[in-house]
Amino acid sequence: MIGIIGAMAVEVDGLIEAMEEKTPETISRMTFWRGTLGGTPCVVAQCGAGKVNSAVCAQTMILRFGAEIVINTGVAGGVGSRDVQIGDLVVASAVVQHDYDTSPIDGDKGRDLPLLGVSAIETDDRVSSLLAACAEEVCGGVRRGVIATGDQFISGRDRLHEIAARTGAIACEMEGGSIGQACALAGVPFAVLRAISDNADDNAVDDFPKFAAESARKSIALLLKALPRL
Ligand code: ADE
């Protein structure tokens with residue numbers, strides 16, 4: 001069983017439409033669609049934005065639906081100074097939570113996540129490599145690197161550069177890091193696939209509504225190609 005999570009309707013509706021033999025079940029105000037995608041058993045849900053919603057969603061997929069792999073799909077802000085541009089696909093090598101910080105009381109260790117003791121959580125290499133290989137075939141490539149997550153829509157150069165410099169991120173979004181944390185705590189492999197909708201800079205507020213739907217479709221199209229190979 002593969003769990004697929006997107007925050008916004010546009011990030012999952014195409015998958016739910018493509019599902020065969022699907023049945024809905026609502027838990028914690030989220031609708032979980034169980035069925036198959038190209039013959040692969042899947043559960044798909046729209047979790048709503050942010051770290052708490054996405055962690056609850058991942059945990060539910062694991063405990064109630066038996067997800068053995070969790071994939072987060074959707075859009076992200078790209079770090080333009082690392083040459084990640086609108087329309088590009090990115091696959092996370094690891095996820096970090098840029099807004100988790102108890103360093104004023106804990107020093108450098110204050111950016112490590114409780115119970116896990118690391119600040120970056122590595123994604124599953126097999127699943128991530130497969131997504132990247134499919135992207136090479138479908139659209140000529142993908143960028144792999146750290147994705148930074150936080151409960152903030154990033155829309156300014158200075159904030160973006162601060163996050164990127166500290167974490168090494170190539171993209172930022174609001175769910176991958178918390179899905180990764182829920183999966184790491186449960187010992188379940190996970191991956192994050194995103195298409196860039198904006199550059200998280202001073203133009204992001206204008207770019208996001210222009211490009212989110214088209215970029216989200218790219219991520220979905222790639223996922224549909226990759227699923228039968230997982
Ligand atoms: N998702 C897409 N663009 C984003 C941004 N600029 N900040 C946070 N999450 C995003």
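Numbering of ligands and ligand atoms starts at 1, following listing order. Quick note: numbers below take in every heavy atom, side chains included, and nothing from hydrogens, waters or symmetry partners.
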**Message:** Could you report the tightest heavy-atom contact between A92 and S128, atom names first, then the distance?
**Reply:** O-OG, 3.7 Å
**Request:** Non-hydrogen atoms closer than 4.0 Å to ligand 1: which protein residues do they belong to? List them by chain and number, please.
**Result:**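 Shell around ligand 1 (4.0 Å, heavy atoms): V75, A76, G77, Q152, F153, I154, C172, E173, M174, S197, D198, A200, F208.
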**Message:** Pair R64, F32 - check side chain to side chain contact (heavy atoms under 4.5 Å, CB included), show working.
**Reply:** CA-CA 10 Å; R64 294 280 286 264; F32 293 81; over 6 Å; no
**Item:** Steps toward side-chain hydrogen bond (donor to acceptor under 3.5 Å, both in side chains) verdict (N199, R157)
**Value:** CA-CA 9 Å; N199 275 120; R157 265 178 68 95; over 6 Å; no
**Prompt:** salt bridge (charged side-chain N to carboxylate O under 4.0 Å, His left out) between K109 and D112: does it pass, once the steps are laid out?
**Reply:** CA-CA 5 Å; K109 286 270 156 219; D112 288 348; 3.2 Å; yes
**Request:** Answer yes or no: is there a donor N or O on one side and an acceptor on the other, between the side chain of K218 and the main chain of G87, under 3.5 Å?
**Result:**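 Yes: the side chain of K218 pairs with the backbone of G87.
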**Prompt:** Sub-3.5 Å donor-acceptor pair from the side chain of E68 to the main-chain atoms of M1, do we have one?
**Reply:** yes
